[in-house]
Amino acid sequence: MPKSRIRKKADYTPPPAKQTTAIKLNSRAWVAPVMLAMFLIGLAWIVVFYVTDGSLPIDKLGNWNIVVGFGFIAAGFGVSTQWK
């Protein structure tokens, strides 16, 4: 019986690498700094209010200074919705 031909297998060649394309997120550059600034201003406002026993930042507001501080923090969360 004759021997069959031995076929040489081609060496493995990996598939061509896909070119990576940069994904443009359309993120606004101002969002992160403004968001963090609002968070920090709100936190600082509340901390200063407690440390100074209510005499700072605005004495006439009294305990409403806490609301102002949380307002800054809430505004920071509102700005964060603009981040893409």
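Throughout, numbering of the chain's residues begins at 1 and tracks the sequence.
In terms of hydrophobic clustering, with Ile, Leu, Val, Met, Phe, Trp and Tyr side chains grouped at heavy-atom distances under 4.5 Å, Phe70 and Tyr50 are assigned to a common cluster. Cluster membership for Ile46 and Ile58, using ILVMFWY side-chain heavy atoms within less than 4.5 angstrom, is shared. Neither Ile66 nor Leu40 shares a network with the other; the hydrophobic side chains, linked directly or stepwise wherever heavy atoms of I, L, V, M, F, W or Y lie under 4.5 Å apart, form separate groups for each. Linking Ile, Leu, Val, Met, Phe, Trp and Tyr residues whenever their side-chain heavy atoms come within less than 4.5 Å leaves Val68 and Val47 in two separate clusters. Leu56 and Leu61 are assigned to two separate hydrophobic clusters, defined by single-linkage of ILVMFWY side chains at heavy-atom distances under 4.5 Å.
Contact detail for Ala29 and Pro33: the closest heavy-atom pair is O-CD, 3.3 Å. The minimum heavy-atom distance linking Ile73 with Gly42 is given by the pair CG1-CA, 4.0 Å. Heavy atoms only, all atoms of each residue included: Met35 and Ser80 are closest at SD-CB, 3.1 Å. Closest non-hydrogen pair, Val31 versus Val79, comes out as CG1-O, 3.6 Å. Across Met38 and Ala75, no two heavy atoms sit closer than the pair CE-CB, 3.4 Å.
Rounding to the nearest 0.5 angstrom, the gap separating the CZ atom in Phe72 from the CG atom in Leu43 is 12.5 Å. One distance of note links CZ of Phe77 with CZ of Phe39; it measures 4.0 Å at 0.5 Å rounding. The distance from atom CG of Asn63 to atom CZ of Phe49, rounded to the nearest 0.5 Å, is 4.5 Å.
Put simply, the side chain of Asn65 gets close to the backbone of Gly62: a donor and an acceptor are under 3.5 Å apart. Judged by distance alone, with hydrogens and angles left aside, the side-chain atoms of Ser55 form no donor-acceptor pair with the main-chain N or O of Asp59 at under 3.5 Å.
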